[in-house]
Every structure is written in C-alpha cells, then in structure tokens.
Amino acid sequence: MEYESVMKLLLERGFFFPSSEIYSDAPAGFWEAGPLGLGLRNRFVDLWRRELIRRDGMIEMEGSQIMPASVFRASGHLESFADPIATCKQCKSATRIDKLLEKHTREIIPEGLRESEYQDLIDRHNVKCPSCGGQLDTIRLFNMMFRLGIGAGNDDAYLRPETCQSIFVDFLRLFKVMRCKLPIAIAQHGKSFRNEISPRQSIIRLREFYQAEIEIFFNPENDTKFEKFDAEKDTVLRIKKADGTEVVQRCADFVDANILPNRLAGYYLALLQKFYGTTGVDLNRARFRELGKMERAFYSSSGFDFEVETSIGWLELVACNYRGDYDLSRHSAVSKRDISVMDGLDKVTPHVFELSMGVDRSLYAILEHNFREEEQRVVLGLKPFLAPIQAGVFPLITRDGLPEQAQSVYRQLCVDFSCFYDASGSIGRRYRRGDEAGFPFAITVDHQTLSDGTVTIRYRDSMEQSRVPLTELSDKLRVLLAYS
RNA sequence: GCGGGGUUCGUCCAGUCUGGUCUAGGACUUCAGCUUCCCAAGCUGGCAACGCGGGUUCAAAUCCCGCACCUCGCACCA
C-alpha cells in the first residue's frame, strides 16, 4: 500500500509527525512539521505566490487567526457550521438529526434550530433511529469551530474555520489602500481550525491545518469584458459533472455549456490546474468534480472540487466555490457598513469566486505522486525547486583532506542553498539517503578536487554525474534549481 | 461519537494464549570508530521499546478495567 510507504517515509525522515507525541493524552488531528516538511511547505507557498499571486496580479494579506463572534454570526458559521447529532440508545450509532428529519418530513428544516426545537420535531414526527429503529437519545449541537474567551470578560471569539473571512471583513480597506479595480483577487495563506469529530489519515484531515485561499471579487455584470479569459480559453479541463458523467474539453466549451458559471471561473480553474501541474502532481490523475446541491457548503451556489487520485482514493485538494455576494452582503448587514465599491460608474457589491486550497493535503499528494520504490532504492522525486534540501555535500572518503575540502564547499553553498553535509558510511549510502529525502543533487569532493578544483554533481533521478569547477558551482546550482 | 481490528527500540518482527528464566531478543536503521577512489559492501563498539493510568498477584510485556492513539466502516470535510 503506497499510503503506508509514504507515511513511513514522512515519519522516519521527519517531514511530519504527531504533535505532543510523548504525551498519551495528545489529541488526534494535530501534527508538527519537521525540518523537511516545513521546507517543502515553504517552497510550495513560494510556488503558489509565483504561479498564482504574482502571475495574476493578486494581492496577499494575513489576517488574525482569532476573530470575534460577530464575524461568524455574519458569515453563517455560528448557525450552519454546527451539526445537530443524536445517538441511538439501542445501537449507539450517531445520526445527523437535520438530515434525518428532512428525509422523514419531506420538508426543509431551517438551519440553526436549538436542541429543544429539534427534540420537539423528533417527538412530533416520532422519528426513530435509521439503522435499528431504536429510541434516539437527546440532541447535541456540535459546532466545528473552536471557541475562545477573550480577556477578563471571557468574550466569545473563535479560531477561524477558514482563512477567507478576514479577506471579506477587510475587503473595503484593502480595496482602497491598494487602489484596486474589479476584478481583483485577494489571497491569504495561513492556519485554520476545525474541531473535526474524528480526524483521520494523518495530515489529510487535521484540526489545525493550512489553507491557501484566493478570493476573486468581480462585477457579475461584466463577465464578457473579462479579457484574461482569452489566455486560458483553450486550456483543456476534465470535469466530472454532478450527474456523474465526465467531460474533457476546452475551458471555453464548459463556459458555453453553462457547466462553469462564467468566464472568470473558467480562467481561474485553468490557472489552478496549471499550478498543480507545476508542483509535480500528475494531472492525468486529477479532475474537477462538480458538486451537487446537497454537497455544497452553505455559502456556495456553484462549486467544483479539484481532486487528485491517490492510493487512498480521490483526494480533494481545492474547493472552488461561487460564493456570490453572500459574504460581503452578510458582513455589510451585520456590521451595518456599506461594503460596495465603484466599478466604473456602477456601484456594486462584488461577487466572489474562491479557490480554497488545502495545503497539507496538497503536500501529501505531491509527495505520493513523486514517490517511487525502485528495485535498489527509494526515491522522492520532488521537483528540484520544491525540494526542502537542495543539495547534499559529501567527501568521497573520510581521509586525505577530503572532509575538510567538502566542509569548505558546504560553507560556500549553505547561505544561498539549503544543503546537507554528510560524511558517514560509504558514498553510496549517502546517495541513497539523499534520494529518499528528495535531495535533487549531490556534490561530491574527491581527489581530483584537490588537484583541479572541480567537484562532481550527481543527479538524483538519473544517478548520472558531471564535473563542475568550484568557481561555477553556485551558478550551476541556481540554474538547476530554477522553476520550470 | 459508535462498531470491528490493533498498539513491544526509529522501522519490522519474537515474547502474551499457558504470569516467574525478560536485566525484554533479533534484523534493518542510526551513532562513534576502522575500512573504503562513486551508488544501502565489510569489521568493532554504542544508543534505543513493553501507549497511558488503575487493579489482581509474592510476581504483570503477559490477566482484568478505564483512557489515549492508530486503522477499517458510518458521519463530516480543505
């Protein structure tokens, strides 16, 4: 099973490991990033900035992780991010009560009822446990946000369940101070927190996790004027529609067929797909999946998940949602502030299309898609520009002054590149260790180095070597590590 | 949260049924040295574990009870 192999590598090499693991009461869903995991994530975020933020002229901000209750009253998370759950007295299975009631009564059950109101409905309709027909126990509301008390007054606040709320809350100021014009994308990378009932699968379902979110604000009336679309209109997308059929065709055809809500959405889906191609995720094992009405988040009127096929099935990496003017209108209503902006001569409340990327699972997908077990070795074939350690520096043997010379090469490189010096065991062992940790290159100092000042560069993927003068080594590495 | 299956060095495995000889053993990894002129070679030596808490017992890795975590299903989701 590949998932196990990848996880084993991640644990043994210190990419990621459980938080507070020496204590037995450490809760699930919290993971540390070790040196290699942190390095990989930093490079992933660098690539995200390069391929999305800078390429598209987005602006980036960083909001607070703790926000007051009103933010989430407005966003709908206080009402809708909670699941009413009842346990069966007989078979002990937990059931989502709202869904059960809707099935029973064939009516829409309003969101955000109190426990007692759900209880009334259950009693009135005589609803039983769906799996065994037993008596249902009392209702609990389970909100997935972490609640905090601020200051001496212990005022209600929450750890943000998604990074985007600060983008909406700060929209007006950002728009003004950066002198934005619609359409404009505002991005944020950082941590979000969700009190999952049962986190599973290591870094794929976390309670504390990284998101990289992009909120694109636009005037829905002006989609035909969205000129950037032309650059991506011929990009081929694979979309699995909500009815289960799969369509592969040009971005423009999806827009014409009304499968995509507008040209702007098509453009950003194409951009997103290209970004993932650059990370080394295998696009032949990737698709967009259109979400049906029941699957979408409460704020979403149209949604597509970008999914990647892995050894544990299709994995959602990005949620792409058409949020309409839901967020800005709600924040405007609750805060009693006007959050509309001028678009030419029109005053509009912009609509939002969002790309909400799960960073940790993206890293997992990149790792799994680039991991291979060959006959003689295990290789983490990360793109050089994503590799947390870019070069190993080794003396061929540990005498004749080679270690000293290799140390000096290491010191020459270590400020500009992340390098790892290793002199233990045989040279072959060091190459193999590097392969497993994803070092794309290895610099070896040998006896010839002492006489002519050249070293060898050994390439991880081909295992071939070439000689480079020390004077050209930094430039050579820079070229090898460039984005491609 | 519910149900099934699990938890012994970093990893894999032995020991658990049938409590004592376990001061918990081996292999791989790792570390220190030796060796080594390019792909996990060899030699010597070292570090390193019974998930946590309670109980039974003269005695617990071993039996019992809680809890935690892992894993598979349900549910939820980036």
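Please read these numbers as outputs of a predicted model, since none were measured by experiment.
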Q: Identify the nucleotide, in any strand shown, that forms a Watson-Crick or G-U wobble pair with B:U71, with both distances under 3.5 Å; if there is none, say none.
A: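 The answer is B:G4, by the H-bond criterion.
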Q: Has the side chain of A:D446 got a donor or acceptor that lies under 3.5 Å from a partner of the other kind on the base of B:C37?
A: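 Such a pair does not exist between side chain and base.
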Q: Determine the contact category for A:Q448: base if any of its heavy atoms lies under 4.0 Å from a base atom, sugar-phosphate if only primed atoms, P, OP1 or OP2 are that close, otherwise nothing.
A: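 Counting heavy atoms under 4.0 Å across all strands, no contact is made by A:Q448.
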Q: Just name whichever nucleotide pairs with B:U16, Watson-Crick or G-U, keeping both distances under 3.5 Å, else none.
A: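 Because no pair has both required distances under 3.5 Å, B:U16 counts as unpaired.
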Q: Can you find an N or O donor on one side and an acceptor on the other, under 3.5 Å apart, linking the side chain of A:S426 with the base of B:U35?
A: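 No pair found.
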Q: For A:E51 and A:T278, test the side chains for any donor-to-acceptor distance below 3.5 angstrom and give the result as yes or no.
A: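 No pair is found: no donor N or O on one side chain lies under 3.5 Å from an acceptor on the other.
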Q: So, A:F209 and B:A78: ring centres less than 5.5 Å apart, planes less than 30° off, yes or no?
A: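 Ring-base stacking flag set for A:F209 and B:A78.
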Q: Is any side-chain N or O of A:R361 under 3.5 Å from a base N or O of B:C77, one able to act as donor and the other as acceptor?
A: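 Donor-acceptor pair under 3.5 Å: yes.
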Q: Work out how far the C1' atom of B:C9 is from that of B:C22, and round it to whole angstrom.
A: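 To the nearest whole Å, 14 Å.
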Q: Just checking, any donor-acceptor pair under 3.5 angstrom between side chains of A:T310 and A:R361?
A: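 Per modelled atom types, A:T310 and A:R361 side chains form no pair under 3.5 Å.
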Q: Test for a donor-acceptor pair under 3.5 Å between the base of B:C39 and the side chain of A:R458, counting only N and O atoms.
A: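 Between B:C39 and A:R458, which were checked side chain against base, a qualifying N/O pair under 3.5 Å is present.
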Q: Report yes or no: is there a donor-acceptor pair, N or O only, under 3.5 Å between the side chain of A:E196 and the base of B:A75?
A: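 Between B:A75 and A:E196, which were checked side chain against base, a qualifying N/O pair under 3.5 Å is absent.
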Q: Taking the side chain as every heavy atom from C-beta outward, state whether A:R430 and A:P395 have any atom pair closer than 4.5 Å.
A: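 SC-SC contact between A:R430 and A:P395 confirmed.
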Q: State whether a side-chain donor-acceptor pair under 3.5 Å links A:E213 with A:T163.
A: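 A donor-acceptor contact under 3.5 Å links the two side chains.
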Q: Between the base of B:A41 and the side chain of A:R429, is one N or O donor paired with an acceptor at under 3.5 angstrom?
A: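 Such a pair does not exist between side chain and base.
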Q: Anything under 3.5 Å between a protein N or O and an N or O of nucleotides 48-50 of chain B, put it in a table, one pair a line.
A:
none

